[in-house]
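See below for the structure under consideration.
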Amino acid sequence: MTTVADSERLKSFVTALFQAAGSSSHEAQEIADHLVEANLAGHDSHGVGMIPAYFLHLRAGHVKPNQTPQRIGGDGAFARFDGQMGYGQPAANRVMDEAAAIARAHGVAVTTLCNAQHIGRVGAYAERLQAEGLLSLHFVNAVYHTPTVAPYRGSDARVMTNPVCIGLPGAAPMLLDFATATIALGKVRVAWNKGVAAPEGSLIDHQGRPTTSPAVMFEEPRGAQTAFGLHKGWGLAFMAEALGGVMTGGPRSGDGFTGERGLVNGIMSIVIDPARLIETQWLDAAMATLVDYVKASPAADPGAPVQVPGEAEALMRAERRRNGIPIDPTTWSQILACAEPYGLRAPA
Ligand SMILES: NC(=O)c1ccc[n+]([C@@H]2O[C@H](COP(=O)([O-])OP(=O)(O)OC[C@H]3O[C@@H](n4cnc5c(N)ncnc54)[C@H](O)[C@@H]3O)[C@@H](O)[C@H]2O)c1
């Protein structure tokens, strides 16, 4: 049976869980807030369903609790950080705070973070910067023990789902945040856990043939995810690898590393104070006009009107704050299995 969790109670439970597993109360809370907020935004792929993977990486010694990202270079508008293989959410939060301070001083900041374990939903960092009135662009690479996404025209996996994100602040903030795979790997995991098919065009089998079976990502012989949007999505996935991996100086696909290292992200962020370019009032008025204009396009399907980036998440957040977060039975039992050794019980 699907569990429906209240977001605040779920945050307390997840905080207690990470604290029991060795994180400071502050670190545990940052991870819990991030994961539950991802569920609230509708991205269950990057919500509490990641806990079993995080615990796997913790037990294997890949993720190191309570790390502080080290500044390894950069001056002026530039700052480079190494996440020391700590949890990605607290590391990326610290780097975004530094980027905000630099952007306020210089008008722009370019930051990189390498060697961070999974940073989760990238939109959370753009939202953190939006709250400071800042515009941001993020390019992220991911490396795992094995890649999962095949290049366009290829037939085996060579990169991961490398997300790209753009956040625009203002009276009505806009947020575009997606994996460059046709669907996020976590969404294949959700389909696998639910026992349902993956969307058409999102997967290929071990011979490069299209399939909708999520099993190809979790059982031998392994298949691969496809990049979205044919050559364009593949091109974006490739550039995210270059900016998030090569330009951060961190782990990257095909770097020759053959062991296991958890699920590691590198992120390049470009943060801009929009007031250096345009008056805030003009930005708000012009964006409102633009949104009204595009949304006036008659819906091809009356049940699915035109949306703008960030709208789907805002609607889902309101709905799930009201009615709770649904968690499928497989995911929930995996989370409870992580909590059991610490004597933690499911939130009532
Ligand atoms: N840390 C990592 O390594 C990693 C890897 C992959 C993905 N992710 C995260 O996974 C999450 C989910 O990614 P995804 O690819 O499944 O997202 P998705 O396919 O659901 O796309 C989400 C984006 O599309 C926008 N959108 C949705 N419907 C729209 C519409 N009708 N019109 C205009 N815009 C619309 C949303 O507002 C959002 O910006 C993201 O938050 C991403 O950062 C993280």
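Counting starts at 1 for both ligands and their atoms, in listed order. Note that these values count all heavy atoms, side chains included, but never hydrogens, waters or copies made by symmetry.
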Worksheet item: With a 3.5 Å cut-off and no angle check, do the side chains of Asn193 and Asp328 form a donor-acceptor pair?
Response: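 Side chains of Asn193 and Asp328: no pair found under 3.5 Å.
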Worksheet item: Is there a donor-acceptor contact under 3.5 Å linking the side chains of His43 and Glu313?
Response: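 There is such a pair (donor and acceptor under 3.5 Å, judged by atom type) between the side chains of His43 and Glu313.
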I'd like to check whether [X] has a polar contact with ligand 1, where a contact means an N/O of the residue lying under 3.5 Å from an N/O of the ligand.
X: Pro163; answer: no
X: Lys187; answer: yes
X: Val122; answer: yes

[atom] [closest protein heavy-atom partner, distance rounded to 0.1 Å]:
atom: atom 27 (C) of ligand 1; result: Ala312 CB, 4.2 Å
atom: atom 6 (C) of ligand 1; result: Thr161 OG1, 3.0 Å
atom: atom 8 (N) of ligand 1; result: His46 NE2, 3.1 Å

Fill in: Sequence-distant partners of His138, ring-ring contact (aromatic ring centres under 6.0 Å, His included), two or more places apart
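If we apply the ring-ring contact (aromatic ring centres under 6.0 Å, His included) test to His138, skipping adjacent residues, there are no hits.
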Worksheet item: Is it true that Cys165 lies under 4.0 Å from ligand 1, counting heavy atoms only?
Response: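 No, that is not the case, since the closest heavy atom of the residue is not under 4.0 Å from the ligand.
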Item to complete: Look at ligand 1 and say whether Leu176 reaches it with a heavy atom at a distance under 4.0 Å.
Response: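 Per 4.0 Å heavy-atom rule, Leu176 contacts ligand 1.
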Discussion item. How about CZ on Arg128, more than 12 heavy atoms from neighbouring residues, nucleotides or ligands closer than 6.0 Å, or not?
Written reply: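 More than 12 heavy atoms, drawn from other residues, nucleotides or ligands, come within 6.0 Å of this atom.
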Worksheet item: Do other residues, nucleotides or ligands put more than 12 heavy atoms under 6.0 Å from the CD atom of Glu200?
Response: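 No, not enclosed.
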Worksheet item: Thr248: what forms a side-chain hydrogen bond (donor to acceptor under 3.5 Å, both in side chains) with it, not counting sequence neighbours?
Response: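 With sequence neighbours excluded, Thr248 shows a side-chain hydrogen bond (donor to acceptor under 3.5 Å, both in side chains) to no residue whatsoever.
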Fill in: Minimum non-hydrogen distance to atom 42 (C) of ligand 1, winning option of Asp177, Thr180, Ile119, Leu175
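Selected option, by shortest heavy-atom distance: Asp177.
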